[in-house]
Amino acid sequence: MLTIRNLTKRLTTGQEILSKISLQIDEGELIGLVGASGSGKTTLLKCIALKEKWDDGQFIYNDRDITSLGIAEKFKLKRDWAFIEESPALDRKQTAVKNVLKGRFYEKSVMRVLTGTNARDEHVLAMDYLEKVGLLDKAEKKVEDLSGGERQRVSIARALVQGAKIVIADEPVSGLDPEAANSVLKDLRELCKREKVTVVCSLHNVEFAERYASRIWGLAGGKIVLDIAGRKLSSMERAKIFD
Ligand SMILES: Nc1ncnc2c1ncn2[C@@H]1O[C@H](COP(=O)(O)OP(=O)(O)OP(=O)(O)O)[C@@H](O)[C@H]1O
């Protein structure tokens, strides 16, 4: 569904922080991006999320070259993408369901007119997605009263309710205890399979990528040094990424 060819990003000093990255992203995948600190994970995720500009490279989305689209066309396309940052910006004073509803921002006016949906339908839809991430019973709880793992689930539900086909998440389980992290990743993996959503996420802990990712990308010094189907890495593969 998304093909990236020779993506290169330079700083104003001319230093390359991403070098000739070529990747393929298919429907329903959970891709785990691993790499040492400073290897370029966040920058790569932001480029894939169309949030950051790159200097060279080609982006093909569903057989369409989107490398040099105008702002308006990119905005329309961005509805298919959702980017969840390391500390997702949720409104802590609002309930989980109200935060999920904010994901409807892109479609609100146009879709309401076209489909005749009203605020009530949207509420039902938001509840639907909270159920998909296992949070239905916490829908009316304020975000500030939720645990870290539950907040991550609210962010995921918000991305899904937006209609995102590709969810990009920067360290979605950092700061969670191992049990919560395992549970969020397990649910994400199931969501990918069931809803045919694609998730690309950076993971600090390689074991999580080995356990849950259907594909693992290893990044070192701004270059992709590993691109394999998800499985346990050999010590040589780990060394390629981290040494
Ligand atoms: N705007 C910028 N100006 C200068 N250097 C930058 C900028 N953005 C990124 N870098 C540098 O590019 C490299 C990659 O940064 P990036 O944040 O993508 O790495 P990362 O793998 O996500 O790191 P971490 O795991 O520590 O979050 C780093 O050396 C960083 O210092």
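Quick note: numbers below take in every heavy atom, side chains included, and nothing from hydrogens, waters or symmetry partners. Each ligand, and each atom within it, is numbered from 1 in the order the structure gives. Since we're looking at a predicted model, the values are computed, not measured. The chain is numbered in sequence order, starting from 1.
- A salt bridge is defined here as a Lys NZ or Arg NE, NH1 or NH2 lying under 4.0 Å from an Asp or Glu carboxylate O, and Lys196 with Glu27 fails to meet this definition.
- Alongside Met236, the hydrophobic cluster contains no other residue (criterion: ILVMFWY side chains under 4.5 Å).
- Residue His204 places no N or O, backbone or side chain, under 3.5 Å from any N or O of ligand 1.
- Under 4.0 angstrom from ligand 1, the non-hydrogen atoms of Leu11 all belong to its side chain.
- Among the atoms of Gly40, some N or O lies under 3.5 angstrom from an N or O of ligand 1.
- A donor atom on one side chain and an acceptor atom on the other are not found under 3.5 Å apart for Asn6 and Gln58.
- Salt bridge status for Arg215 with Asp26: absent, with no side-chain N to carboxylate O gap under 4.0 Å.
- On a distance-only criterion, Ile17 and ligand 1 share no N/O pair closer than 3.5 Å.
- Distances shorter than 4.0 angstrom occur between a heavy atom of Ser39 and an atom of ligand 1.
- Salt bridge Lys98/Asp91: absent, no basic N to carboxylate O contact under 4.0 Å.
- Under a 4.0 Å heavy-atom criterion, Ala36 is in contact with ligand 1.
- Heavy-atom contacts of Thr43 reach the following atoms of ligand 1: 15 (O), 16 (P), 18 (O) (cutoff under 4.0 Å).
- Judged as a salt bridge (charged side-chain N to carboxylate O under 4.0 Å, His left out), and not counting sequence neighbours, the contacts of Lys9 are Glu52.
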